Amino acid sequence: MTDTEKPINFIQQVINADLEAGYVSKVVTRFPPEPNGYLHIGHAKSICVNFGLAADNGGSCNLRFDDTNPEKEDEEYVNAIIEDVRWLGFQWQADICYASNYFDQLYSWAQLLVSEQKAYVCELNAEQMREYRGTLIEAGRNSPYRDRPASESLDLLEQMKVGAVDEGSMTLRAKIDMTSPNINMRDPVMYRIKKMAHQRTGDTWNIYPSYDFAHGQEDAIEGVTHSVCTLEFAANRPLYEWFVANLPLPSQPRQYEFGRLNLNYTVTSKRKLKQLVDEKHVEGWDDPRMPTISGLRRRGVTASSIREFCDSLAVAKTDGVVDMAQFEHFIRNDLNNNARRAMCVINPLLVTLANYEPDKVEAFVVPGHPNRDDLGERTLPFGRQIYIDRNDFSEDTTLSRKKFKRLVIGDYVRLRSAYIIRADEVIRDAAGEIVEIVGAIVPDTVGQDAPEGVKARGVVHWVSAADSADCTVNLYDRLFNKAAPDAGEESFLEHINPQSLSIISGCKVEAGLAHAAAEDHYQFEREGYFTRDSKSKGLVFNCTIGLRDNWK
RNA sequence: UGGGGCGUGGCCAAGUGGUUAAGGCACCGGGUUUUGAUCCCGGCAUCGGAGGUUCGAAUCCUCCCGCCCCAGCCA
């Protein structure tokens with residue numbers, strides 16, 4: 001056991017200091033997705049960071065839906081998110097939280113700010129507000145409504161709330177500083193009118209709080225001590241702190257930001273993923289090519305490999321792009337250690353072993369995993385006719401043993417866990433296509449070394465022709481053929497890889513897998529890791545990832 | 001040209017004035033192997049640039065360069 005010390009990231013350092021100074025006694029974090037799409041691998045890092053920080057410090061983490069904008073949200077998403085977080089292996093504290101649970105409290109806090117002249121109802125429309133806001137290098141100007149009496153704002157706010165005011169014509173704004181170099185502090189919007197039913201509060205509200213007016217207060221209500229989010233919210237922190245300082249909150253949460261996870265050859269933006277789904281470039285949010293949690297799951301990626309991968313990533317302020325190969329390493333590592341072995345011939349080529357008795361059948365009992373006795377054994381039926389992969393046979397007999405460790409006429413190859421065989425003859429159909437190989441077994445070679453004079457070129461996987469199951473295999477390539485699909489001027493859609501999915505039917509898998517359970521993981525030896533698809537009716541396996549391939 | 005943040009090998013990343021500058025991924029050699037897998041050995045950087053402080057700097061200071069975020073009634 002090499003317990004490599006995990007570096008203490010900057011947030012943990014803050015926590016250590018807070019714990020030591022007695023500022024906090026119990027660490028409380030939260031994972032706060034907006035239910036406007038499915039979770040993806042980027043969220044997984046955030047989930048691991050937030051739940052991990054809580055677990056590492058004996059604290060707790062809330063799952064909270066930041067449902068402040070009914071326009072984009074849907075119950076389908078909340079259910080999917082709950083399922084994904086659970087599947088990833090995390091347990092939130094007590095009940096699931098919703099920003100919408102705090103709408104009443106938020107409203108009365110808004111009234112308080114108005115009454116203290118720290119907020120006002122503004123009648124500038126969107127375009128005017130933009131003009132008044134100024135630019136990055138020019139200060140903004142005060143709204144003409146900025147100094148209206150509190151009583152007037154209070155009354156208008158109530159009218160906004162009950163639906164007596166048109167959408168877009170009024171907002172509630174915090175009165176901070178229109179000349180602030182931080183644009184977020186230039187009288188930000190606290191409430192906007194949306195005459196729209198909310199998935200949880202129905203028609204109760206005609207106004208909804210903005211992210212900035214809601215988030216810190218949600219944290220405070222829940223007793224969140226360390227509100228950990230991604231870098232792009234850093235500029236919102238002063239505003240977060242302004243509300244915390246100006247409201248009588250039950251606790252004083254603090255916000256910290258770390259770099260979000262970016263992976264090459266894919267996109268991790270809910271907006272873009274939704275576009276892929278809506279425009280049918282993929283089959284759905286859980287399409288195995290998607291970087292969504294549900295897509296990865298259906299693809300056969302394990303929850304534990306996602307966790308291990310995320311834990312290998314730094315919690316820091318650098319924003320880089322992680323190589324997909326790093327993720328793949330953790331996927332293979334977990335599957336290699338835990339997936340049962342099996343054989344599946346993807347492009348079947350019939351081989352008849354002429355010296356094997358026609359009706360004879362043997363059953364070889366072999367391990368389920370080369371070094372995991374606890375994974376049991378499996379039985380491989382063997383007979384006179386078998387299938388091997390077409391790629392494991394070549395008519396080119398000049399290929400050196402080193403270059404081609406597979407079957408050629410006149411030479412030997414080991415059938416994995418079975419006999420050494422020799423190929424003698426090729427049989428073709430009318431079109432000249434090879435349809436069968438006739439060969440012979442070398443007797444007494446099962447579980448034994450090759451006799452004198454026989455040297456197998458290599459090992460090849462196979463399946464009994466008489467006793468195997470037909471199946472379909474889905475092979476995947478990367479969804480985008482450009483490392484940074486969303487980098488250039490052009491749309492990321494232009495970089496979609498048209499060959500990202502290959503459906504191969506007529507594959508032959510060892511008999512024992514005819515009733516494989518969905519989401520069970522297997523290594524098809526010499527091919528890769530596969531899992532039975534959870535949505536298809538027939539026997540369909542999705543290729544999670546191929547084996548490493550070190551030969552040129 | 002405003003504000004905030006960041007720059008350590010191809011990628012991720014430790015490092016918080018004195019170490020031969022951790023580790024992982026990738027890659028390149030070699031060994032083992034009934035999976036061209038796994039496993040095992042070995043190789044692979046002077047820290048964005050330039051000055052300065054210091055006996056000593058990736059770590060401190062100055063200037064410069066580059067990248068990211070902020071001008072939604074999105075989050």
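These numbers come from a predicted model, not from an experiment.
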Under 4.0 Å, counting only non-hydrogen atoms across every strand here, what does [X] touch: a base, just sugar-phosphate, or nothing?
X: A:A325; answer: sugar-phosphate
X: A:N371; answer: nothing
X: A:R133; answer: sugar-phosphate
X: A:K317; answer: sugar-phosphate
X: A:G259; answer: nothing
X: A:S269; answer: nothing
X: A:M343; answer: nothing
X: A:V446; answer: base

Validation row, ring centre [X] to ring centre [Y] under 6.0 Å:
X: A:F10; Y: A:F258; answer: no
X: A:Y191; Y: A:F213; answer: yes
X: A:F309; Y: A:F327; answer: yes

Below 4.0 angstrom from OP1 or OP2 of [N], is there any side-chain N or O of [X]?
X: A:R271; N: B:C74; value: no
X: A:R332; N: B:A37; value: no
X: A:N550; N: B:A37; value: yes
X: A:R416; N: B:U33; value: no
X: A:R341; N: B:A37; value: no

Let's see if you can work this out: which of [options] has an atom nearest to the side-chain heavy atoms of [X]?
X: A:F233; options: B:U35, B:U34, B:A75; value: B:A75
X: A:T171; options: B:C73, B:U1, B:A75; value: B:C73
X: A:H329; options: B:C73, B:A26, B:G2; value: B:A26
X: A:T318; options: B:C6, B:U35, B:U38; value: B:C6
X: A:N184; options: B:C70, B:C73, B:A75; value: B:C70
X: A:N69; options: B:G72, B:U35, B:C74; value: B:C74
X: A:F404; options: B:G5, B:A14, B:G36; value: B:G36
X: A:T135; options: B:A75, B:A71, B:C73; value: B:A71
X: A:P7; options: B:U34, B:A75, B:A14; value: B:A14
X: A:R548; options: B:C12, B:G2, B:C27; value: B:C27

- Query: C1' atom, B:C69 versus B:U62: distance in rounded Å?
  - Reply: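 After rounding to an integer number of Å, I get 26 Å for this pair.
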
- B:C27 to B:U34 separation - C1' atoms, rounded to the nearest Å: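 After rounding to an integer number of Å, I get 29 Å for this pair.
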
- Separation of atom CZ in A:R457 from atom C1' in B:G36, rounded to whole Å: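 From A:R457 CZ to B:G36 C1': 13 Å.
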
- Is A:R200 close to A:E75 at the side-chain level, that is, under 4.5 Å between some pair of heavy atoms?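 Side chain of A:E75 against side chain of A:R200, heavy atoms only: no contact under 4.5 Å found.
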
- Message: Pairing check on B:G7: which nucleotide meets the Watson-Crick or G-U wobble criteria with it, both distances under 3.5 Å?
- Response: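 Paired with B:C65.
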
- Task: Considering non-hydrogen atoms only, spot the tightest contact between A:L263 and A:V321 and give its length.
- Result: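 Closest pair (atom of A:L263, atom of A:V321, distance): C-CG1, 3.8 Å.
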
